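To start, the structure under review is shown below, and the notes come after it.
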Amino acid sequence: MQWWETAVVYQVYIRSFADGDGDGIGDLTGLRARLSYLAALGIDAVWINPWYPSPMADAGYDVADYREIEPAYGTLAQAREFIDKAHGAGIKVLLDIVPNHTSDQHRWFQPALRDEPGARERYLFRPGRGANGELPPNDWQSIFGGPAWTRTADGTWYLHLFAPGQPDLNWDHPEVRAEFEQVLAFWFDLGVDGFRIDVAHGLVKAAGLPDRGGVGNPHPAFDQDGVHQIYRSWRAVADRYEPQRIFIAEAWVPSNERLARYLRPDELHTAFQFDFLRAPWRASNLRAVIDEAISSAASVGAPPTWVLSNHDVPRTVTRYARSQPDGMVESEWERARWAEEEADHGLGRRRARACALLQLSLPGTAYVYQGEELGLEEIENLPDEVRQDPTWVQSGFTDVGRDGCRIPLPWSDLQPSYGFSPPDAAPTWLPQPAHWGGHSVAVQEQDRDSVLNLYRSALALRPRLWVGAGEVQWLASGDGVLGFARGAAQCWVNTGDTGVPLPRNSAVVLASGPGVGTVLPPDTAVWLRPASS
Ligand code: BGC
């Protein structure tokens with residue numbers, strides 16, 4: 001087995017991880033100082049969200065220079081040092097590459113705006129429709145809301161599937177292809193172990209940029225067959241390196257069959273499987289998602305991946321803190337329904353703890369988003385004036401967006417930044433709530449039963465119990481309960497509302513909550529092994 005087939009990957013949202021220089025924004029000095037925390041947690045790799053220079057129209061997913069470090073985060077020398085130190089601590093380093101679009105401050109886009117010869121061909125500029133070209137060239141909407149087109153001073157329009165500051169590249173242009181292959185090599189040469197590919201299903205658009213028609217129709221901007229050729233050439237770049245370099249696709253495609261196409265042997269190594277985080281807290285849905293993810297990954301020889309949260313979705317504790325929807329959650333994340341129902345974070349946290357044990361016992365790769373190991377909840381009541389996510393503005397102030405899962409981490413219970421920044425620093429870039437110190441690393445380290453200590457125990461046990469333990473074998477269980485064996489170990493999860501008996505002749509190795517004896521209480525998971533071993 002290769003490391004990435006069974007790894008636990010910790011997602012570092014660098015802006016909110018740790019601030020070393022006191023400007024209220026996370027940075028490389030902070031990250032470097034917390035490397036020992038990551039090593040003690042027991043993870044195998046970090047995936048760092050974009051750390052490149054950026055005007056921050058979309059928190060760094062608008063990249064102005066793919067070969068440099070954002071000055072607020074540090075320098076290239078510090079990045080190099082971090083990569084080396086992480087390797088020294090046994091941690092692999094994965095970066096985020098953003099190939100669908102650049103920043104509007106990228107060296108290619110400003111000449112394109114000025115219509116310098118050939119410059120517009122690297123992007124998707126088109127004349128408008130209507131008598132005077134006053135209508136956008138097609139009906140595509142931005143993912144963040146509003147039209148996906150912005151009109152320039154000379155009346156031409158350019159495409160941006162996300163914010164206006166993120167113009168889409170033209171991947172039919174040979175220079176675009178060559179540039180990204182060189183960017184990959186630049187970071188591989190520095191020792192980076194791989195890339196998470198942002199919007200991997202974008203890049204190639206249907207010829208002629210046709211209208212989409214209804215919102216239910218397949219989107220002509222996504223999952224076009226031509227995109228696979230790009231990944232074949234990227235794979236060839238990665239394969240020039242030793243030790244192995246890898247790719248992880250972020251591809252929100254309509255089916256696991258379509259997702260599997262990105263994982264063919266000459267393409268990408270692995271892809272996020274988002275059904276796990278879209279499933280409600282209900283045994284039947286979770287079981288179906290697990291079976292489906294395992295079989296579709298197996299069909300192309302890739303490991304399944306398990307994602308419970310990331311910087312784009314509401315935190316797990318909050319998703320589980322209310323009554324659960326009947327089926328899979330769609331991309332609007334049920335926020336409309338949530339407004340009517342009080343969140344019970346205690347309940348959500350019990351379920352999140354249980355789901356963490358489920359996640360970490362499954363075959364394949366598990367992703368842990370920073371703060372998940374602290375049981376942080378979504379901050380749903382940020383004042384409107386501090387919101388940074390472009391979704392808020394572009395949706396016409398109807399969708400609050402993703403800031404609530406991006407709040408700077410609490411490291412200690414000391415006010416005002418809870419150890420995120422050094423003393424006397426500038427305010428944090430998003431405000432932390434008053435109770436944040438209670439969730440901090442320092443407080444949780446002192447509490448045997450904390451979420452942090454649950455993660456530490458689970459990650460310490462995982463190699464022995466689950467890595468390479470074989471396939472999931474479902475065990476007979478009642479409604480609301482999941483039970484499976486992998487090798488000698490078993491994982492049981494109770495999503496129902498009454499306790500259920502546990503198998504006899506087994507010993508509890510780890511439980512997600514209190515009260516586990518012969519009975520598994522509601523919203524609790526347990527790892528078992530045969531009593532004699
Ligand atoms: C990233 C988002 C980002 C978008 C545009 C997504 O897949 O995860 O955070 O806003 O791509 O780059």
Side-chain angles (χ1 to χ4, degrees), residues 9 11-17 26 46-64 66 70 94-106 109 123-124 140-146 148 150 159-169 171 180 183 195-203 205 219 221-223 227 247-253 259 262 268 270-274 277-278 305 307-315 331-333 367 369-372 378 387-395 399-407 429-430:
V9 181
Q11 181 188 347
V12 173
Y13 194 75
I14 186 166
R15 230 178 148 61
S16 296
F17 186 72
V46 286
W47 148 36
I48 304 170
N49 286 98
W51 63 3
Y52 318 103
S54 168
M56 302 291 160
D58 182 21
Y61 282 93
D62 46 325
V63 178
Y66 290 81
E70 159 63 31
L94 305 171
L95 300 185
D96 211 318
I97 185 102
V98 188
N100 183 69
H101 42 262
T102 68
S103 159
D104 61 359
Q105 300 306 315
H106 189 273
F109 192 70
Y123 293 90
L124 294 164
W140 299 358
Q141 296 294 297
S142 156
I143 306 292
F144 297 149
T150 288
L159 178 72
H160 53 85
L161 290 175
F162 294 89
Q166 294 170 294
D168 278 51
L169 284 163
W171 273 87
F180 275 87
V183 167
F195 286 92
R196 174 258 191 197
I197 304 172
D198 188 61
V199 200
H201 56 314
L203 284 60
K205 277 78 182 171
H219 201 304
F222 293 120
D223 198 27
V227 80
F247 294 113
I248 303 147
E250 185 224 21
W252 299 81
V253 294
L259 190 62
Y262 291 75
L268 307 176
T270 152
F272 295 130
Q273 218 287 352
F274 290 121
L277 65 75
R278 294 174 55 235
T305 55
V307 183
L308 270 177
S309 70
N310 62 34
H311 64 293
D312 289 331
V313 302
R315 284 204 176 265
S331 52
E332 70 275 19
W333 300 108
Y367 289 83
Y369 174 46
Q370 69 178 42
E372 209 170 349
E378 182 84 1
R387 295 189 193 285
Q388 310 264 337
D389 185 348
T391 308
W392 174 237
V393 175
Q394 281 185 244
S395 68
D399 182 346
V400 296
R402 303 160 293 177
D403 294 317
C405 65
R406 300 175 174 181
I407 308 297
W429 73 281
L430 284 172

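Ligands are counted one by one from 1 in listed order, and the atoms in each one are counted from 1 as well. Excluded from the calculations below are hydrogen atoms, water molecules and symmetry mates; all remaining heavy atoms, backbone and side chain alike, are included. Small disclaimer: the values here were computed from a predicted structure and weren't measured.
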Between ligand 1 and Trp252, can you find any atom pair, the residue atom being a heavy atom, that is separated by under 4.0 Å?
no

Of all the heavy atoms in Arg196, does at least one lie under 4.0 Å from an atom in ligand 1?
yes

Could you tell me if Tyr66 and Thr102 have a donor-acceptor pair between their side chains, going purely by distance under 3.5 Å?
no

Hey, does Tyr367 have a side-chain heavy atom less than 4.5 Å from the side chain of Gln11?
no

May I ask you to say whether Asp389 pairs ionically with Arg402, meaning some side-chain N is under 4.0 Å from a carboxylate O?
yes

What atoms of ligand 1 come closer than 4.0 angstrom to any heavy atom of His311?
1 (C), 2 (C), 8 (O), 9 (O)

Can you say whether the rings of Trp171 and Phe180 are parallel (under 30°), tilted (30 to 60°) or perpendicular (over 60°)?
tilted

Identify, by atom number and element, the atoms of ligand 1 in contact range of Glu250, meaning under 4.0 Å from any of its heavy atoms.
6 (C), 7 (O), 8 (O)

Does Arg406 come within less than 4.0 Å of ligand 1, judged by its heavy atoms?
yes

Nearest candidate to atom 9 (O) of ligand 1, where distance is taken over non-hydrogen atoms, out of Asp312, Asp96, Leu161:
Asp312

Proximal atoms of ligand 1 relative to Arg402 (non-hydrogen, under 4.0 Å)
2 (C), 3 (C), 9 (O), 10 (O)

Answer whether the closest heavy-atom distance between the side chains of Trp47 and Val12 falls below 4.5 Å.
no

shortest atom 4 (C) of ligand 1-to-protein heavy-atom contact is with Phe162 CE2, 3.7 Å

Using modelled atom types and a 3.5 Å cut-off, is there a donor and acceptor pairing between side-chain atoms of Asp62 and backbone atoms of Met56?
yes

Closest approach of any protein heavy atom to atom 3 (C) of ligand 1, naming residue and atom
Asp58 OD2, 3.3 Å

Protein contact to atom 12 (O) of ligand 1 [nearest heavy atom, distance to 0.1 Å]:
Asp198 OD2, 2.7 Å

Which of the atoms of ligand 1 are close to Val199, meaning less than 4.0 Å from one of its heavy atoms?
7 (O), 11 (O)

Under 4.0 Å from a heavy atom of His101: give me the atoms of ligand 1 that qualify, with their elements.
5 (C), 12 (O)

Where is the tightest heavy-atom contact between Asp168 and Leu161, given as atom of each residue plus distance?
OD1-N, 2.8 Å

Under 4.0 Å from any heavy atom of Phe144, which atoms of ligand 1 are there?
10 (O)

Are Phe272 and Ile248 close enough that some pair of their side-chain heavy atoms sits under 4.5 Å apart?
yes

Taking all non-hydrogen atoms of both residues into account, name the closest pair between Val98 and Tyr61 and its distance.
CG1-O, 3.6 Å

